[in-house]
Visitor: 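Handing you this structure, nothing more for now.
Numbers for residues simply follow the sequence, beginning at 1.
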Amino acid sequence: SYYLAEGRHEAEYSDSYTQGGASDKAKVVTNKNFSGSGYVGNLNSYPMGDKGENTRSYLTQKLYAERPGKYLLTIGYVYRNSSGDDSKPTNIDVRLNGGDSWKSVTVNQTKDFNDVREVSAVIELKRGENTIDITGASNIKYAGEKDYWQQINLDYFDISSPLAEGRHEAEEYHESGKKTENKQYEIKDNGRDIYSGSKYATIWNTLTNEEHEYLGYKVYAQHAGKYKLAVTYGTKYGGDIFVKIGNGTWKPLSTPRTREWDEVNTVEMDITLPKGENTIYIAGRQTTGDKKRYEEYINIDCFELKRQV
């Protein structure tokens with residue numbers, strides 16, 4: 001089975017462990033000082049053998065990504081080298097979906113083997129089933145006579161919501177609310193590549209004196225500050241899009257008509273995001289047209305976020 005990618009994954013509950021060039025098999029240790037029930041040790045080795053073969057020792061976890069794209073991977077670890085030399089970092093190597101491509105993340109020595117710290121790296125997941133491999137200490141060979149053997153105990157790894165910067169498809173929402181029985185948001189397949197990904201979300205009319213029907217999108221902002229939000233939509237009649245960040249207030253964004261339903265337009269507004277996890281809510285309403293003949297909704301195609309530096 002595959003666990004949902006977004007969220008925390010305890011190292012001691014991984015699907016499997018590969019010994020590689022380590023002298024011993026992976027060891028799961030119960031310790032209340034760590035997240036979950038403990039940590040995994042003995043996943044320490046050199047990354048390559050004398051003949052260039054892969055000798056890494058690592059855990060493997062199956063993950064299911066509901067949304068393709070970039071995510072922030074954060075690893076909880078402790079690290080010490082045999083000489084206790086703080087000037088000698090080591091690497092944790094990460095691999096996605098097998099193959100020969102490993103990404104090294106450099107980590108510094110911790111105070112002791114109970115001092116859990118974090119290190120982060122950006123990863124990219126495909127939609128659906130993925131596997132992730134994470135090593136303990138992928139030892140660096142230091143010159144000199146001293147033994148700088150490096151040892152890491154892995155506590156956990158976190159995978160964030162999709163990174164804020166970039167494109168987010170309207171149909172890939174995390175949450176929704178305020179639906180009514182006869183007027184609900186719908187995900188529709190355009191089939192003609194007019195809409196990004198050939199799909200869009202229909203958001204039913206929201207009046208100013210009613211609670212907004214909305215779709216919510218979780219994003220992870222690596223940097224706090226201002227972002228340009230660009231929303232692509234389609235509507236035969238003029239209207240408004242409403243945007244809210246977290247528990248903030250709804251802000252309107254005028255959406256001029258796109259002439260026909262199979263045409264799109266983009267409107268922009270500035271928003272401010274704190275660093276870390278955020279939820280962006282989007283709602284909409286149609287304000288012109290024959291209300292007796294036409295349902296009152298706006299098609300949301302996608303939105304993009306770009307950090308303003």
Visitor: Please examine the side chains of F303 and V243, heavy atoms only from C-beta on, and report whether any two atoms are closer than 4.5 Å.
Guide: no
Visitor: Which residues satisfy the salt bridge (charged side-chain N to carboxylate O under 4.0 Å, His left out) test with E12, sequence neighbours excluded?
Guide: none
Visitor: Quick one: are P256 and V267 in side-chain contact, heavy atoms under 4.5 Å?
Guide: yes
Visitor: Provide the closest heavy-atom pair for G238 versus R257 in the form atom of the first, atom of the second, distance.
Guide: N-CB, 3.7 Å
Visitor: Verify side-chain contact (heavy atoms from CB on, under 4.5 Å) between I132 and F157, making sure each step is shown before the conclusion.
Guide: CA-CA 11 Å; I132 187 168; F157 67 92; 3.9 Å; yes
Visitor: Count the heavy atoms belonging to other residues, nucleotides or ligands that lie under 6.0 Å from NZ of K27, then report whether that count exceeds 12.
Guide: no
Visitor: Could you check if a side-chain atom of Y233 sits within less than 4.5 angstrom of a side-chain atom of N265, using non-hydrogen atoms only?
Guide: yes
Visitor: Would you check if the side chain of D155 reaches a backbone N or O of S35 as a donor-acceptor pair within less than 3.5 Å?
Guide: yes
Visitor: Do you know the tightest heavy-atom contact between A22 and S45?
Guide: N-CB, 3.8 Å
Visitor: What distance separates T135 OG1 from L59 CG, expressed to the nearest 0.5 Å?
Guide: 8.5 Å
Visitor: Got a sec, which residues hit salt bridge (charged side-chain N to carboxylate O under 4.0 Å, His left out) with D115, two or more places apart in sequence or on another chain?
Guide: R117
Visitor: Got a sec, which residues hit side-chain hydrogen bond (donor to acceptor under 3.5 Å, both in side chains) with T255, two or more places apart in sequence or on another chain?
Guide: none
Visitor: Are P162 and Y217 packed together at the side-chain level, in the sense that at least one heavy-atom pair is separated by less than 4.5 angstrom?
Guide: no
Visitor: Determine, using the 4.5 Å side-chain heavy-atom cutoff (strictly less than), whether L43 and V105 are members of one ILVMFWY cluster.
Guide: yes
Visitor: Are R127 and E172 ion-paired here, with the side-chain N under 4.0 Å from a carboxylate O?
Guide: yes
Visitor: Determine the sole option in H9, K62, Q61 for which the side chain to side chain donor-acceptor pair (under 3.5 Å) test with D15 is passed.
Guide: Q61
Visitor: Quick one: CG on L305 to CG on L273, what's the gap to the nearest 0.5 Å?
Guide: 6.5 Å
Visitor: Measuring from atom CG of L73 to atom CD1 of I123, what distance do you get when rounded to the nearest 0.5 angstrom?
Guide: 5.0 Å
Visitor: Using atom types as modelled, flag every donor-acceptor pair under 3.5 Å from a side chain in residues 93-100 to any protein atom, sequence neighbours excluded.
Guide:
unit_1: D93; atom_1: OD1; unit_2: S104; atom_2: OG; d: 2.7
unit_1: D93; atom_1: OD2; unit_2: R56; atom_2: NE; d: 2.8
unit_1: D93; atom_1: OD2; unit_2: S138; atom_2: OG; d: 2.7
unit_1: R95; atom_1: NE; unit_2: D133; atom_2: OD2; d: 2.9
unit_1: R95; atom_1: NH1; unit_2: G99; atom_2: O; d: 2.7
unit_1: R95; atom_1: NH2; unit_2: Y58; atom_2: OH; d: 3.3
unit_1: R95; atom_1: NH2; unit_2: D133; atom_2: OD2; d: 2.9
unit_1: N97; atom_1: OD1; unit_2: T131; atom_2: N; d: 2.9
unit_1: N97; atom_1: ND2; unit_2: N130; atom_2: OD1; d: 3.2

Visitor: Can you tell me if Q150 and N81 form a side-chain donor-acceptor pair at under 3.5 Å?
Guide: no
Visitor: Less than 4.0 Å between a side-chain N and a carboxylate O, is that true for D270 and K228?
Guide: yes
Visitor: Return the set of residues passing salt bridge (charged side-chain N to carboxylate O under 4.0 Å, His left out) with E263 (not counting sequence neighbours), or none when no residue passes.
Guide: R259
Visitor: Checking one residue: F113. Which other hydrophobic residues are in its cluster under the side-chain 4.5 Å linking rule?
Guide: V29, F34, Y39, V78, V116, Y156
Visitor: Under 3.5 Å, is there a donor-acceptor pair between the side chain of E277 and the main chain of S161?
Guide: yes
Visitor: If you define the side chain from C-beta out and look only at heavy atoms, does anything of Y148 sit under 4.5 Å from I140?
Guide: no
Visitor: Under 4.5 Å between side-chain heavy atoms, chaining through other members, with only Ile, Leu, Val, Met, Phe, Trp and Tyr counted: pull out the rest of the cluster around V122, sorted by chain and number.
Guide: L72, L163, Y220
Visitor: Judged by atom type as modelled, is there a donor-acceptor pair below 3.5 Å linking the side chain of T110 to the main-chain atoms of D112?
Guide: yes
Visitor: Quick one: salt bridge (Lys or Arg N to Asp or Glu O under 4.0 Å) pairs with a partner in residues 214-225, sequence neighbours left out?
Guide: none
Visitor: Between CD1 of I271 and OH of Y227, what distance do you get to the nearest 0.5 Å?
Guide: 8.5 Å
Visitor: Set out, in order, the CA-CA distance, both residues' side-chain angles and the distance that settles side-chain contact (heavy atoms from CB on, under 4.5 Å) for I92 and I134, then state yes or no.
Guide: CA-CA 7 Å; I92 295 175; I134 302 176; 3.7 Å; yes
Visitor: Can you tell me which residue pairs pass the side chain to side chain donor-acceptor pair (under 3.5 Å) test with a partner in residues 64-77, sequence neighbours excluded?
Guide: E6-R67, R67-H174, T74-S120
Visitor: Does a donor on one side chain sit under 3.5 Å from an acceptor on the other, for S57 and Q19?
Guide: no
Visitor: Backbone N or O of T258 within a donor-acceptor pair of the E260 side chain at under 3.5 Å?
Guide: no
Visitor: For T90 and N139, which heavy atoms make the closest approach, and how far apart are they?
Guide: OG1-CA, 4.0 Å
Visitor: Can you name the nearest heavy-atom pair linking P47 to N54, along with the distance?
Guide: O-OD1, 3.4 Å
Visitor: Test your reading of the model: is there a side-chain donor-acceptor pair from E53 to the backbone of K51, 3.5 Å cut-off?
Guide: yes
Visitor: Between W102 and I75, is there shared hydrophobic-cluster membership here, with clusters defined by ILVMFWY side-chain heavy atoms closer than 4.5 Å?
Guide: no
Visitor: Are Y2 and L4 linked, directly or through other ILVMFWY residues, by side chains that come within less than 4.5 angstrom of each other?
Guide: yes
Visitor: Is the shortest heavy-atom distance from the side chain of K244 to the side chain of K251 under 4.5 Å?
Guide: no
Visitor: Taking side chain as C-beta onward, heavy atoms only, is Y214 less than 4.5 Å from W250?
Guide: yes
Visitor: If hydrophobic clusters are built from ILVMFWY residues whose side chains come within less than 4.5 Å, do I245 and L253 share one?
Guide: yes
Visitor: Is a side-chain N or O of Y281 found less than 3.5 angstrom from the main chain of G248, in a donor-acceptor match?
Guide: no
Visitor: Linking I/L/V/M/F/W/Y whenever their side-chain heavy atoms sit closer than 4.5 Å, directly or via other members, would M269 and I300 fall into one cluster?
Guide: yes
Visitor: Measure the spacing between CD1 of I282 and CG of L215 and express it to the nearest 0.5 Å.
Guide: 8.0 Å
Visitor: Take K88 and Q109 through the test side-chain contact (heavy atoms from CB on, under 4.5 Å) and record every step on the way to the result.
Guide: CA-CA 7 Å; K88 298 295 187 289; Q109 188 167 239; over 6 Å; no
Visitor: Restricting to non-hydrogen atoms, name the atom on A26 and the atom on V40 that form the minimum distance, rounded to 0.1 Å.
Guide: CB-CG1, 4.1 Å
Visitor: Counting heavy atoms not belonging to D50, are there more than 12 under 6.0 Å from its CG?
Guide: no
Visitor: With sequence neighbours left out, write down each residue that passes salt bridge (charged side-chain N to carboxylate O under 4.0 Å, His left out) with R167, or none if nothing qualifies.
Guide: E304
Visitor: To which residues is W149 joined in a hydrophobic cluster, defined by side-chain heavy-atom contacts under 4.5 Å among Ile, Leu, Val, Met, Phe, Trp and Tyr, whether direct or through other members?
Guide: Y46
Visitor: Checking the side chain of S254 only, and the main-chain atoms of D240 only, is there a donor and an acceptor separated by less than 3.5 Å?
Guide: no
Visitor: Go through the side-chain N and O atoms of T232 and T266 and say whether any donor and acceptor fall under 3.5 Å apart.
Guide: yes
Visitor: Identify the two heavy atoms, one from N44 and one from I152, that lie closest to each other, and give their separation to 0.1 Å.
Guide: OD1-N, 2.8 Å
Visitor: Taking atom CG of N91 and atom NZ of K103, what is their separation to the nearest 0.5 Å?
Guide: 12.5 Å
Visitor: Suppose we screen for side-chain hydrogen bond (donor to acceptor under 3.5 Å, both in side chains). Which residues come up paired with S87, at least two apart in sequence or across chains?
Guide: D85
